[in-house]
Amino acid sequence: MDARAAARLRTVLGHLGRLEPRDVVAHPTSGTVSPTSFHPQQFQFTLDNSILSLEQRQFYEENGYLVIKNLVSDEDIQRFRDEFGKICRKEVKLDRLVIMKDVSISKLQLAPSEKVVTKIQDFQEDPELFRYCTLPQILKYVECFTGPNIMAMHTMLINKPPDTGKKTSRHPLHQDLHYFPCGPSNLIVCAWTAMEHIDRNNGCLVVLPGTHKGSLKPHDYPKWEGGVNKMYHGIQDYDENSARVHLVMEKGDTVFFHPLLIHGSGRNKTQGFRKVGIPIAAPIGKDGCVSCSATPYGYDGLKPKNP
Ligand SMILES: CCCCCCCCCCCC(=O)SCCNC(=O)CCNC(=O)[C@H](O)C(C)(C)COP(=O)(O)OP(=O)(O)OC[C@H]1O[C@@H](n2cnc3c(N)ncnc32)[C@H](O)[C@@H]1OP(=O)(O)O
Ligand SMILES: Nc1ncnc2c1ncn2[C@@H]1O[C@H](COP(=O)(O)OP(=O)(O)OP(=O)(O)O)[C@@H](O)[C@H]1O
Ligand SMILES: O=C(O)CCC(=O)C(=O)O
Ligand SMILES: [Fe+2]
Ligand SMILES: [Mg+2]
């Protein structure tokens, strides 16, 4: 076999190695190979790239997440905060934006301000906020997991409020793939950028390392006495003994994680509103998801065509 043929074969095997049983089942007509008929690859969850060190790659493979320190500048974060404030005060209006209030205050008639908005979703039509999804340093890392042709599948800015005492500021442990049946899941990555110092006091991200190697689990509303926010589904039967890791992060730090990684966040015990920005990216073209019939509502062309 000549060197070029060998390289091509390696590429094909690499792609097969990233398929998962449920992805194969999702394409019964595409002439796929039985997932048991190929050898496991050394790297299953990251693509060959020159950005991640071997250590970083191995960490993501093993744990399903990777924190990159100091990735987004203070100046950019301030601009995102300013724009978020304008949206909350209704100085900027966007048709498709979802604005969410915490369930514990949702029935109160409060004047529009940053103190009543828990989260905005689908900010892709706001050029200032969508700039986050196009930051070259974010895309550089995203590409290590998705490959080129990156699309944002979902966008959120979370403003976790001080807990009112009902513990409704918690986000139950869940897998993001539950919300969009997209795939192949190993080519999807979520980025979560701390917009300020975040630790267990203000409800940091909590992850169960290694759970990205498992399957998508059934989700339902947790039976919490104080109430649960709409769509905040949780995994009912996760292993209580599995190690939980609290990610303490500084402003601008970004964690990239796999859509099957089980994660959530605790209550915010401070009086501040804990802010993070999140896009979820996948290598999906204009025709939609490669593994289900969903049409992505993000945008493509995130990477400049002529860098
Ligand atoms: C590749 C892909 C990977 C992709 C991976 C992607 C990962 C995504 C992960 C997402 C995880 C999530 O956080 S999912 C969370 C997503 N959440 C959503 O999508 C929420 C969708 N939003 C909505 O349904 C709405 O915006 C609401 C309900 C939040 C607000 O609706 P609204 O119509 O503006 O509000 P309003 O009139 O004030 O309230 C309507 C009724 O809802 C109640 N209500 C209002 N807020 C809430 C609330 N937080 N929780 C419960 N109930 C609420 C009110 O009390 C009221 O009840 P009554 O008077 O009728 O009794
Ligand atoms: N035993 C559990 N059962 C179900 N969900 C849990 C359990 N422990 C934690 N969680 C989930 O994980 C999230 C993070 O947990 P964590 O213990 O960090 O937060 P907390 O309980 O709100 O705050 P803290 O323990 O720091 O006082 C919680 O918000 C909750 O969604
Ligand atoms: O920042 C958080 O509270 C976690 C949010 C999250 O995991 C989600 O919205 O899917
Ligand atoms: Fe999530
Ligand atoms: Mg706890």
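Remember, it's 1-based here, ligands and their atoms both numbered in the order they're listed.
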(request) Provide the atom name of the closest N, O or S atom of H174 relative to the Fe ion (ligand 4). (result) NE2
(message) If the cut-off is 4.0 Å to any non-hydrogen atom of S265, which atoms of ligand 2 fall inside it?
(response) 13 (C), 14 (C), 28 (C), 29 (O)
(request) Pull out every atom of ligand 2 sitting under 4.0 Å from any heavy atom of G266, numbered as shown with elements. (result) 14 (C), 19 (O), 20 (P), 22 (O), 29 (O)
(request) Please determine, by modelled atom types, if T254 and Y141 share a side-chain donor-acceptor pair under 3.5 angstrom. (result) no
(message) Between the Fe ion (ligand 4) and D176, which N, O or S atom of the residue is the nearest one?
(response) OD1
(request) Check whether any side-chain N or O of Y65 sits under 3.5 Å from a backbone N or O of G210 as a donor-acceptor pair, and report yes or no. (result) no
(request) Tell me which protein heavy atom sits closest to atom 7 (C) of ligand 2, plus the residue, atom name and distance to 0.1 Å. (result) Y238 OH, 3.1 Å
(request) Decide if atom NZ of K251 counts as having more than 12 heavy atoms of other residues, nucleotides or ligands within a radius under 6.0 Å. (result) yes
(request) Report the nearest protein non-hydrogen atom to atom 22 (O) of ligand 2: residue, atom name, distance rounded to 0.1 Å. (result) R267 N, 2.8 Å
(request) Check whether any side-chain heavy atom of E83 lies under 4.5 Å from a side-chain heavy atom of R131, and answer yes or no. (result) no
(message) Within the 4.0 Å heavy-atom shell around V206, which atoms of ligand 2 are there?
(response) 14 (C), 18 (O)
(message) When you group the ILVMFWY residues by side-chain heavy-atom contacts below 4.5 Å and let the links chain together, are M195 and M100 in the same group?
(response) no
(request) Do me a favour and list the nearest non-hydrogen protein atom to atom 11 (C) of ligand 2 with residue, atom name and distance? (result) L173 CG, 3.7 Å
(message) As an exercise, identify every atom of ligand 2 less than 4.0 angstrom from a heavy atom of H246.
(response) 16 (P), 18 (O)
(message) Restricting to N, O or S atoms, which atom of H263 is closest to the Fe ion (ligand 4)?
(response) NE2
(request) Using a strict 4.0 Å cut-off to heavy atoms of K269, name the atoms of ligand 2 that fall inside it. (result) 23 (O), 24 (P), 26 (O), 27 (O)
(request) Output yes when the distance from some N or O of ligand 2 to some N or O of R170 is under 3.5 Å, and no in every other case. (result) no
(message) Are I87 and V98 connected into the same hydrophobic cluster when the rule is that any two of I, L, V, M, F, W, Y join if their side-chain heavy atoms are below 4.5 Å apart?
(response) no
(request) Indicate if V103 and F273 have the same hydrophobic cluster label, given that clusters are the connected sets of ILVMFWY residues with side-chain heavy-atom separations under 4.5 angstrom. (result) no
(request) Mark up the atoms of ligand 2 that fall under 4.0 Å of a heavy atom belonging to H171, in ascending order. (result) 31 (O)
(request) First locate atom NE2 of H219, then atom OH of Y179, and finally report the distance between them rounded to the nearest 0.5 Å. (result) 6.5 Å
(message) Going by ring pair (Phe, Tyr, Trp, His ring centres under 6.0 Å), Y60 matches just one of F256, F145, F45. Which one?
(response) F145
(message) Counting only heavy atoms, tell me which of H263, R200, H174 gets closest to atom 26 (O) of ligand 2.
(response) R200
(request) Only heavy atoms count here, so choose which of E240, K167, R244 is nearest to atom 8 (N) of ligand 2. (result) R244
(message) Among all the protein's non-hydrogen atoms, which is closest to atom 30 (C) of ligand 2, and how far away is it?
(response) W224 CZ2, 4.1 Å
(message) So if I count the atoms of ligand 2 from 1 in the order they appear, which ones are less than 4.0 Å from some heavy atom of P172?
(response) 31 (O)
(message) For a quick check under 3.5 Å, do K275 and N159 share a side-chain donor-acceptor pair by atom type?
(response) yes
(request) Decide, yes or no, whether a salt bridge links D74 with R81 under the criterion of side-chain N to carboxylate O below 4.0 Å. (result) no
